[in-house]
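A quick note: this is a predicted structure, and the numbers were derived from the prediction, not measured. Each chain gets a letter, A, B and so on, in the order the sequences are listed, and its residues count up from 1.
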Amino acid sequence: MHLYDSVQKTKRKFEPLEEGKASLYVCGPTVYDDAHLGHAKSALVFDLLVRVLRANGYDVTYARNITDIDDKIIKKAAEQNKSIKEITGFYTEAFHQEMQALGVIRPDIEPKATESLEAMFTLIQKLIDSGHAYTTQEGDVYFDTSSDSEYLSLSKRVQEEDDKQQRVASSSLKKNSADFALWKSVQDGSVTFESPFGAGRPGWHLECSAMIEKHLAKEHQPYAVDIHGGGADLLFPHHENEAAQTRCATNHAIANYWIHNGFVNIEGEKMSKSLGNSFFLKDALKEYDGEVLRFYLLGSHYRSNFNFNTDDLQVAKKRLDKIYRLKKRLFGLSHNFEKTEFQTKLLEVLSDDLNISSALALIDEMISSANETLDTPGKHKALKKETLANFAYIEKVLGFGVKNPYEYFQHGVDPQTKEKIFDLIQKRNEAKKAKDFASSDKLRDEILAFGVNIMDTPDGTFWEKI
RNA sequence: GGUGCCAUCGCCAAGUGGUAAGGCCGCAGCCUGCAAAGCUGCUAUCCCCAGUUCAAAUCUGGGUGGCACCUCCA
């Protein structure tokens, strides 16, 4: 398996610390608001990575954190006159539900900042003891970036030359402008956590380093985890700082491989609150089947920037439809899991830095070929079994085609409408039987008005929501 | 200003040295009462210029045009 390492900027063969095992830590959401399409993309990318690693036989330990200590959370709680826990609990639950709708598998470990404070204290103390951190007069603890000769090696940035000026300009008590808070002292009585360094709250970057040490890191390994992932924007400063803390506090680097997923833009514009075009996942899920969103968001390479627009989403749906139409042709048949050449090829392209486009091309070719054969007379028993086994593999590795095909095509249609459609189809079939095609075509138009396509097959008339 | 990424058919999008995958749209056809679905066939020489090479979309140099990050951010 090969993965593009966004720090070394090259594709590297994946060689885990322990043979047959893989550990993966991904930066998860800060739960102060609804998840947007960017969160979805990131979660989906690492979901795919975990699935492909597992398909390659790795015993994967997958951790994705929940940041539940944050200024924005505290602010929101104050605004809405709610407790921190109410806010984080609500958005964590919403996040979980939305992830489930997208078919994202739950991480093996989902650490929360509030449950990892001890690990953070340990890390801070180590950094203070080793001279990599200092306490200011205000009671804040900062990481001393000048004490780390490898600082900025991750993001390959050049140290700012204007440190002196900035120190004069700001009233900050930081030694270097790049220094970042490990612990922020809070004296105003707002939400605080007790610590050996006084009351306050931890710095964001520290959370991930601490959680990795607590849950994944092992003694005598050169790296704490095999793979560390997150959105492309996290490389600097978040991951740079994480790497610095871990490097200076422990005797290992934080990660061997770095994976960063590309950003989601909406209709060509960056998603942001200030632009007002934030596309919340919950809104998208009201309109589209979660699996369609999964298929669409996963449909182009994880590293490229993704331009979300509804036209492309419709195109993606059409492509996913093809999987389900063939599944309808095979509905009700049983199969054994047999290994096919298709599956080998599929895993091969996915193992090359998650080449989803090649994978989809293979799937389309497999579908066309199966349809072609099924269109010819005969029972095609072997082909059907093989195709079903292929579909089972696609479900497992890609999470596509996991639903009942009939239900999939009825997404978003309420029971009353279904009944009406059913009645109209009955009437149309009667008209057809009487060769009253004028009436049957008129009835078909009525059905079409519901946004529903119908198709006559040897097994009867079926309908699909367009 | 610093750092980095990208530029392939109308649209989406693979391919990092060996002569352009796949999907959508379009056209022609098979099937169908007609459709829909399915199937078949057709449709690009890879932003520009120069270079390296037997061979380049793929490497090098120079342009042009997009984009991202630079301590809120998946």
Side-chain angles (χ1 to χ4, degrees), chain A residues 6 9 11 26-30 32-33 35-46 64 67 70-72 145 152 155-161 177-181 203-205 229-238 240-241 260-265 268 270-274 278 296 299-301 303-307 309 311-322 325-326 328-329 349 352 355-365 367-376 432 435-438 440-441 444-445 447-448 452-457 461-464 466:
Chain A
S6 40
K9 301 200 185 301
K11 216 183 262 186
V26 177
C27 294
T30 301
Y32 72 101
D33 203 352
H36 54 62
L37 292 168
H39 294 111
K41 167 89 182 173
S42 186
L44 284 164
V45 164
F46 293 103
R64 182 188 60 211
T67 297
D70 182 89
D71 284 353
K72 282 189 283 255
T145 52
L152 300 182
S155 54
K156 306 204 172 42
R157 265 155 222 280
V158 181
Q159 187 72 50
E160 302 282 334
E161 291 295 326
S177 64
D179 292 356
F180 51 91
W204 173 46
H205 311 303
D233 57 329
L234 296 181
L235 179 57
F236 186 84
H238 187 52
E240 184 74 58
N241 293 352
H260 289 95
N261 66 277
F263 254 51
V264 177
N265 297 324
K270 185 182 169 175
M271 246 188 321
S272 73
K273 297 277 163 54
S274 55
S278 228
Y296 175 47
S300 56
H301 191 80
R303 265 186 288 122
S304 41
N305 284 332
F306 191 94
N307 187 25
N309 70 76
D311 287 348
D312 290 347
L313 184 120
Q314 293 299 342
V315 170
K317 181 185 179 305
K318 284 186 186 180
R319 206 169 182 178
L320 180 60
D321 286 352
K322 285 151 69 104
R325 290 216 183 88
L326 180 51
K328 280 208 284 194
R329 294 185 83 164
V349 298
D352 180 14
N355 189 336
I356 192 76
S357 293
S358 293
L360 294 182
L362 285 173
I363 292 172
D364 281 323
E365 280 161 6
I367 291 172
S368 287
S369 159
N371 274 322
E372 190 184 355
T373 306
L374 291 173
D375 281 349
T376 62
K432 270 178 66 181
K435 303 230 184 268
D436 179 3
F437 295 123
S440 77
D441 287 353
R444 181 167 59 201
D445 288 341
I447 296 166
L448 218 66
V452 164
N453 249 346
I454 56 170
M455 39 203 63
D456 298 323
T457 78
T461 303
F462 297 107
W463 62 273
E464 293 179 358
I466 297 166

Could you work out the separation of B:U60 and B:U16 based on their C1' atoms and round it to a whole Å? 14 Å

Using the C1' atom on both, measure B:C11 against B:C49 and round to a whole Å. 29 Å

With rounding to the closest Å, how many angstrom separate the C1' atoms on B:A74 and B:A68? 14 Å

Inter-residue atom distance A:Ile363.CD1 - A:Ile356.CD1, 0.5 Å rounding: 7.0 Å

Categorize A:Lys156 for me: base, sugar-phosphate, or nothing, with a 4.0 angstrom heavy-atom threshold over every strand shown. sugar-phosphate

Strictly by Watson-Crick or wobble contacts shorter than 3.5 Å, is anything paired with B:U19, and which nucleotide is it? none

For a quick test of reading the model: is some side-chain N or O of A:Asn265 closer than 4.0 Å to OP1 or OP2 of B:C67? no

For nucleotides 56-59 of chain B, list the nitrogen or oxygen atoms of the protein found under 3.5 Å from its nitrogen or oxygen atoms, one pair per line.
none

Quick one, A:Leu326 and A:Leu374 - any side-chain contact, counting heavy atoms below 4.5 Å? yes

Contact class for A:Leu234 vs. all strands (heavy atom < 4.0 Å): base, sugar-phosphate, or nothing? sugar-phosphate

To the nearest Å, give me how far apart CG (A:Asp312) and P (B:A13) are. 7 Å

To the side chain of A:Asp375, which of B:A13, B:U71, B:G38 is closest? B:G38

Residues passing the ring pair (Phe, Tyr, Trp, His ring centres under 6.0 Å) test with A:Phe46, sequence neighbours excluded, are none

Hey, which sits more toward the 5' end of RNA chain B by its nearest nucleotide, A:Tyr296 or A:Glu464? A:Tyr296

Considering only the C1' atoms, how many Å lie between B:C46 and B:A20, rounded to the nearest integer? 7 Å

Name the pairs: protein N/O against N/O of nucleotides 19-23 of chain B, kept only if under 3.5 Å.
from: B:G22; atom 1: O2'; to: A:Arg319; atom 2: NH2; distance (Å): 2.7
from: B:G22; atom 1: O2'; to: A:Asp364; atom 2: OD2; distance (Å): 2.9
from: B:G23; atom 1: O4'; to: A:Arg319; atom 2: NE; distance (Å): 3.3
from: B:G23; atom 1: O4'; to: A:Arg319; atom 2: NH2; distance (Å): 3.4

Name the pairing partner of B:A57, where a pair is Watson-Crick or G-U wobble with both distances under 3.5 Å, or state none. none

Residues A:Asp33, A:Lys72: salt bridge by 4.0 Å N-O rule: no

Need one value for A:Gly28: base, sugar-phosphate or nothing, where a base atom within 4.0 Å counts as base even if backbone is also close, heavy atoms only. sugar-phosphate

Heavy atoms under 4.0 Å, any strand shown: does A:Phe263 hit a base, just sugar-phosphate, or nothing? base

Nearest to side-chain heavy atoms of A:Arg444, which nucleotide of B:C72, B:A14, B:C34: B:C34

Using the C1' atom on both, measure B:A13 against B:U53 and round to a whole Å. 29 Å

Any Lys/Arg nitrogen of A:Arg444 or A:Asp456 sitting under 4.0 Å from an Asp/Glu carboxylate oxygen of the other? no

Separation of B:C69 atom P from A:Asn241 atom CG, nearest Å, is 17 Å

Considering Watson-Crick and G-U wobble pairs with both distances under 3.5 Å, what does B:U64 pair with? B:A7

What's A:Val264 touching, base or sugar-phosphate or nothing? Going by heavy atoms closer than 4.0 Å. base

Flag for A:Asn371-A:Arg325: side-chain donor and acceptor within less than 3.5 Å: no

Does B:U32 have a Watson-Crick or wobble partner in any strand here, with both distances under 3.5 angstrom, and which is it? none

Would you say B:A14 has OP1 or OP2 under 4.0 Å from some side-chain N or O of A:Asn355? no

How many Å lie between CZ on A:Phe306 and P on B:A74, as a whole number? 19 Å

State which of B:C34, B:U40, B:G33 makes the closest approach to the side chain of A:Asp456. B:C34

Base, sugar-phosphate or nothing for A:Gly38? Non-hydrogen atoms, less than 4.0 Å. base

note: A:Asp445, atom CG; B:A36, atom P; distance rounded to Å ~ 13 Å

Using atom NZ of A:Lys432 as one end and atom C1' of B:A36 as the other, report the distance to the nearest whole Å. 11 Å

In whole Å, measure the gap between the C1' atoms of B:A56 and B:U19 for me. 10 Å

With RNA chain B as reference, determine whether A:Ser155 or A:Lys72 sits nearer its 5' end, using the nearest nucleotide of each. A:Ser155

Is A:His260 touching bases, backbone alone, or none of the nucleic acid, heavy atoms closer than 4.0 Å? nothing

Among B:A36, B:U71, B:C73, which is the nearest nucleotide to the side chain of A:Asn453? B:A36

Of the options B:C39, B:G33, B:G38, whose atoms approach the side-chain atoms of A:Phe437 most closely? B:G33

Are A:Glu240 and A:Arg157 ion-paired here, with the side-chain N under 4.0 Å from a carboxylate O? no

